[in-house]
Each structure stands twice: as C-alpha cells, then as structure tokens.
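What follows is a single structure, written as structure tokens, with notes after it.
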Amino acid sequence: MGSGAAVVVALAAFATGCGGGGSDTVAAKPPAADSSGAEAGTGAGSTPGKPTDGKVDFDTVFKTEERFKQALPDPASMAGWTPKNAGADIKESPKPAAECGADTHWDCTSVARGDANFEAFGEEALFDLVAYADKKAAQDACRKEKTWSAKYAKAEVAPVPGIESHAYYRNAGGLDGLNLTMCLGTVIAQVRLEGEGSSLDPATAHSMARMFVPRIQKAAAAS
C-alpha cells in the first residue's frame, strides 16, 4: 500500500453479515458458470454480467468507510464462504502524482483502499478496491499495473461486459494465486484466488467479478 498518513478502519460489519449491496450474491462454493454462461448469484432484479446501477465511467471518489462497505462483498453475498477480515485505509495525505515516479508502485497516487477476504475448504477469495482522486489517475494506475503484471503468466478469465480487465497467475509467499484486475471509473478492483485448496478456477474468478462489479457501481451511485 502506498505511503502517507492514513486512517485504517476495520469493517467489523462485514464479519457479521451486514453490508452494502444486498441482493447480489455468489453461490455456495464453488461458484461456477453453467453451460449457458449465466451464473448464480447475480441478485434479484439484475441482469447477469451487466451493470445494475450507476455507470462504468463514474466520477465518484471512494474515500469514506460507508462507500467501501457498500462496494465490498459481505457474508450475505458470499454464501458458503467464511469471512476472514475486512477493512478500509483512508489516506489523510495522498501523494500527488508529481511525487510518484515511473518506478513507484501503481497504487502510489491512491486516496484510499479497502479489502474483504473469505475462505472455504482451504481456498481464499480476496477482494481489493483501490480508489483514486479522479478517473485519469485511476486509468494511469491501471495502465501501470497492467505493465507491471505482464511478467506473469496470463490467465483466461472471461471479462465482465463493459469492464476493462486482465488476469494472471502469480506465486507470492509460497502460494499460487489467480489475480483478476478490473478498471472502472475512479477505482481499480481486484479479485484474487489462492490457498492450498484452490483450483485457481477462472470461472470462479469470473463469477465473483460479476457479483463485485454491480456492488461497486451501486456504491458509486449512492448519495
């Protein structure tokens, strides 16, 4: 995570089952696509794989605990998975772009970050949401992350319609993982699968992304 003063907030509500998006859910593990391409858990009143609220190119800046709570998956949306932890890191003094050179990490200019993590049968599902001050900063960071991750083996994860994304396999800390990165509006959203019990299934990552994206869009559209 980038440097600078920050307020770290533990999102305890996630661990007890309350949260933001509500009806968008992922089916009990393993969440996988059927032969028609439709996934379980897209939520009542929504169309699978399509935005249910808000815009892909939203201008909303995610810099409050409540907006992260609305956007990140909660236990109700992850049926069959055990919540591990969740939190938000709101920077009090974000770094300006002028202080973030070509060699700095892609999240250097971020203004906030949130995450929610779950586990089931030895597999971990990790959701990260990195927020920026505007769409340009997010797009610049997205390009930088894509360049940085190009050294890893590409993973074939079907994209959520209308969302720029890329996926790759990476070993970190002795664990193999599948990382899916999505760029939309003022944020970069990531879904990661890892753990000794994980099959690193691209269909699972895709299903989770289809649940995650509408939650982000609803949070961006909220007043």
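Under the 4.5 Å side-chain contact rule for hydrophobic residues, Trp106 and Val191 do not share a cluster. Hydrophobic clustering (side-chain heavy atoms under 4.5 Å, transitive across Ile, Leu, Val, Met, Phe, Trp, Tyr) keeps Tyr169 apart from Leu126. No single ILVMFWY cluster, assembled from side-chain heavy atoms under 4.5 Å apart, contains both Leu72 and Val111. Both Val187 and Val213 sit in one connected hydrophobic cluster of ILVMFWY residues. Membership requires side-chain heavy atoms under 4.5 Å apart, directly or through other members.
The environment of CD in Glu99 is crowded: more than 12 heavy-atom neighbours from other residues, nucleotides or ligands sit within 6.0 Å.
With contacts defined as side-chain heavy-atom distances shorter than 4.5 Å, the pair Glu124/Leu193 does not qualify. Looking at Thr64 and Phe62, their side chains never come closer than 4.5 Å, going by heavy atoms from C-beta outward. In this structure the side chain of Leu178 reaches within 4.5 angstrom of the side chain of Val157, judged on heavy atoms. Taking 4.5 Å as the limit, some side-chain heavy atom of Met211 sits within range of a side-chain heavy atom of Ser77. Using a 4.5 Å cut-off on side-chain heavy atoms (C-beta onward), Gln139 and Tyr132 make no contact. Contact of the Asp89 side chain with the Asp115 side chain is not registered, since no non-hydrogen atoms from C-beta on lie closer than 4.5 Å. When side chains are defined from C-beta on, Ser165 counts as touching Leu180, because their heavy atoms get closer than 4.5 Å.
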*Go through Phe68 and Lys63 one step at a time and tell me if the side-chain contact (heavy atoms from CB on, under 4.5 Å) criterion holds.*
CA-CA 8 Å; Phe68 279 101; Lys63 55 183 180 180; 5.9 Å; no
_Thr109 and Lys95: CA distance, side-chain angles, deciding distance, side-chain contact (heavy atoms from CB on, under 4.5 Å) verdict_ = CA-CA 5 Å; Thr109 60; Lys95 276 194 173 184; 5.6 Å; no
*Would you check, one step at a time, whether the test salt bridge (Lys or Arg N to Asp or Glu O under 4.0 Å) holds for Lys69 with Asp74?*
CA-CA 8 Å; Lys69 283 173 62 177; Asp74 59 10; over 6 Å; no
*With side-chain contact (heavy atoms from CB on, under 4.5 Å) as the test, would you mind laying out the steps for Ile188 and Asp107 before giving the verdict?*
CA-CA 9 Å; Ile188 294 178; Asp107 70 352; over 6 Å; no
*Given side-chain contact (heavy atoms from CB on, under 4.5 Å), test Phe127 with Met78 step by step and report yes or no.*
CA-CA 11 Å; Phe127 298 86; Met78 289 289 288; 3.8 Å; yes
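Annotation: salt bridge (charged side-chain N to carboxylate O under 4.0 Å, His left out) contacts involving residues 180-192, sequence neighbours excluded, comprise Asp128-Arg192. Sorted by first then second residue, the ring-ring contact (aromatic ring centres under 6.0 Å, His included) pairs that include residues 174-193, not counting sequence neighbours, number zero. Annotation: salt bridge (charged side-chain N to carboxylate O under 4.0 Å, His left out) contacts involving residues 138-147, sequence neighbours excluded, comprise Lys136-Asp140, Asp140-Arg143. For residues 166-187, the set of pairs meeting the salt bridge (charged side-chain N to carboxylate O under 4.0 Å, His left out) definition, not counting sequence neighbours, is empty.
The backbone N or O of Ala222 sits less than 3.5 Å from a side-chain atom of Arg67, completing a donor-acceptor pair. In this structure, Thr104 contributes its side chain and Gly101 its backbone to a donor-acceptor pair below 3.5 Å.
Take Ala189 and apply the side-chain contact (heavy atoms from CB on, under 4.5 Å) test, not counting sequence neighbours, and it matches Leu129, Met182, Leu184, Phe212, Ile216. Not counting sequence neighbours, the partners of Tyr152 by the ring pair (Phe, Tyr, Trp, His ring centres under 6.0 Å) test are Trp148, Tyr168.
Side chains of Gln190 and Thr181: a donor on one and an acceptor on the other come within 3.5 Å.
The two residues His206 and Pro159 make their nearest non-hydrogen contact at CE1-O, 3.5 Å. When all heavy atoms of Glu123 and Ser199 are compared, the closest pair comes out as OE2-N, 4.2 Å. Taking both residues in full, the closest heavy atoms of Ser198 and Leu200 are given as OG-N, 3.0 Å, listed atom of the first, atom of the second, then distance.
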